[in-house]
There are 2 protein chains.
Amino acid sequence: MLSSPEYIEKLRKSGLRPTRQRIKICEVLFDTDKTFHFTISDLAQMIENKANVKISLATIYNTIHSFEKKGYLKEIAVNSSQTYFDTNTTHHHHFYDEGNKELFDINNSEIDRIKINKDIPGKKIKSVEVLVKVENK
Amino acid sequence: MLSSPEYIEKLRKSGLRPTRQRIKICEVLFDTDKTFHFTISDLAQMIENKANVKISLATIYNTIHSFEKKGYLKEIAVNSSQTYFDTNTTHHHHFYDEGNKELFDINNSEIDRIKINKDIPGKKIKSVEVLVKVENK
DNA sequence: TATCTACTTTATAAGTATTCTAAAGTAGTA
DNA sequence: TACTACTTTAGAATACTTATAAAGTAGATA
Ligand SMILES: [Mn+2]
Ligand SMILES: [Mn+2]
Ligand SMILES: [Zn+2]
Ligand SMILES: [Zn+2]
């Protein structure tokens, strides 16, 4: 939960110019204690609701990708036609409800360590993600 | 590894008419001991190579979706712009190489049972999938 | 075998998410 | 203030997938 001057600082430190658009996106994404999951169109909607600023889709895409590159966001592998992002950048896993397309965190402490007894010659592990699909009882 | 008459039987039993197109797709997908992963465009390419028949993209999509519905194929959640399918319908997990976009199986025996100490009220687990992203060493 | 009907295939259009383009705007610097 | 590199933007382009509706076919029936 940072204020605008702090986002400006954060952006500058990342080598990103603190534009009106980037600051607004920071506010929408990080002005809360809770982390959350979103798609680009979710985010566009959120920005529209918080109103006052109008940001083009191209800029939203650009910004989200640069934030992801800087490590401020994570992309989540949900099989879907849309890409999901997560403001929770810690190592964790997900429940996914295909019905309402909602994601829920499974923290590292809520899942047993995954041990894989196989490796691929010449390759090393970059990440391990568990996706638990759920449905209504 | 079945012959055409057997695919015809299998299709009929599934309530799918054994058309020239569906039989050819069965041959391409199931005429091998090994299971494999593919995208729709991979499959279209394979069909073109095995030649003799020309199958429209719409039919390939339709057929793959009906095979999936019948349980002859599984869709794999790889974050990507393309949908991956798997002729291995047993419960297993995957390595994914983002570089060359290749999937490799991790059999159930090669991974420790995943125990999740969390549940979502009103929801039940439908599937648990582990995706291990790998890169060149 | 000829006929009928529901199912299937097909070309092509439509839909949708994402990226590209290149022109106009802006931040930081001198 | 002027300059330059970076950024934003509208709109075009791309790519995957689904929808449409007309033509074709499988299986059943007479
Ligand atoms: Mn990305
Ligand atoms: Mn599907
Ligand atoms: Zn999360
Ligand atoms: Zn597999």
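In what follows, every heavy atom counts, from backbone to side chain, and hydrogens, waters and symmetry copies are set aside. Chain A is the first sequence line, chain B the second, and so forth, proteins listed ahead of strands; every chain is numbered from 1.
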Between [atom2] on [N] and [atom1] on [X], what's the gap in Å once rounded to a whole number?
X	N	atom1	atom2	value
A/Ile40	C/dT16	CD1	C1'	14 Å
A/Gln82	D/dA15	CD	C1'	16 Å
A/Arg22	C/dA27	CZ	P	11 Å
B/Leu57	D/dA19	CG	C1'	14 Å
A/Leu16	D/dA5	CG	C1'	14 Å
B/Ile23	C/dT9	CD1	P	10 Å
B/His65	D/dA19	NE2	C1'	14 Å
B/Tyr61	D/dA15	OH	C1'	9 Å

_What contact category does A/Thr83 fall into here, base, sugar-phosphate, or nothing, at under 4.0 angstrom with non-hydrogen atoms?_
sugar-phosphate
*Which part of the nucleic acid does B/Thr59 contact within heavy-atom distance under 4.0 Å: base, sugar-phosphate only, or nothing?*
base
*Can you name the side-chain contact (heavy atoms from CB on, under 4.5 Å) partners of B/Lys69, sequence neighbours left out?*
none
Nucleotide nearest [X] when distance is taken to its side chain, options [options]:
X	options	result
A/Ala58	C/dT8, C/dT10, D/dG11	D/dG11
B/Arg17	D/dT8, C/dA6, C/dT9	C/dA6
B/Ser56	D/dT9, C/dA11, D/dA26	C/dA11

*Could I get the full list of ring pair (Phe, Tyr, Trp, His ring centres under 6.0 Å) partners for B/Phe38, not counting sequence neighbours?*
B/Phe36, B/Phe85
*Kindly indicate whether the side chain of A/Ile23, heavy atoms from C-beta on, has any atom under 4.5 Å from the side chain of A/Ile8.*
yes
Using a cut-off of strictly less than 4.0 Å, decide whether [X] has a side-chain nitrogen or oxygen near OP1 or OP2 of [N].
X	N	value
A/Thr19	D/dC6	no
A/Gln21	C/dT26	no
B/Arg12	D/dG27	yes

*Does a donor on one side chain sit under 3.5 Å from an acceptor on the other, for B/His92 and B/Asn107?*
no
*asked:* Hydrophobic clustering (ILVMFWY, side-chain heavy atoms < 4.5 Å, transitive) - are B/Leu11 and B/Tyr72 grouped together?
replied: yes
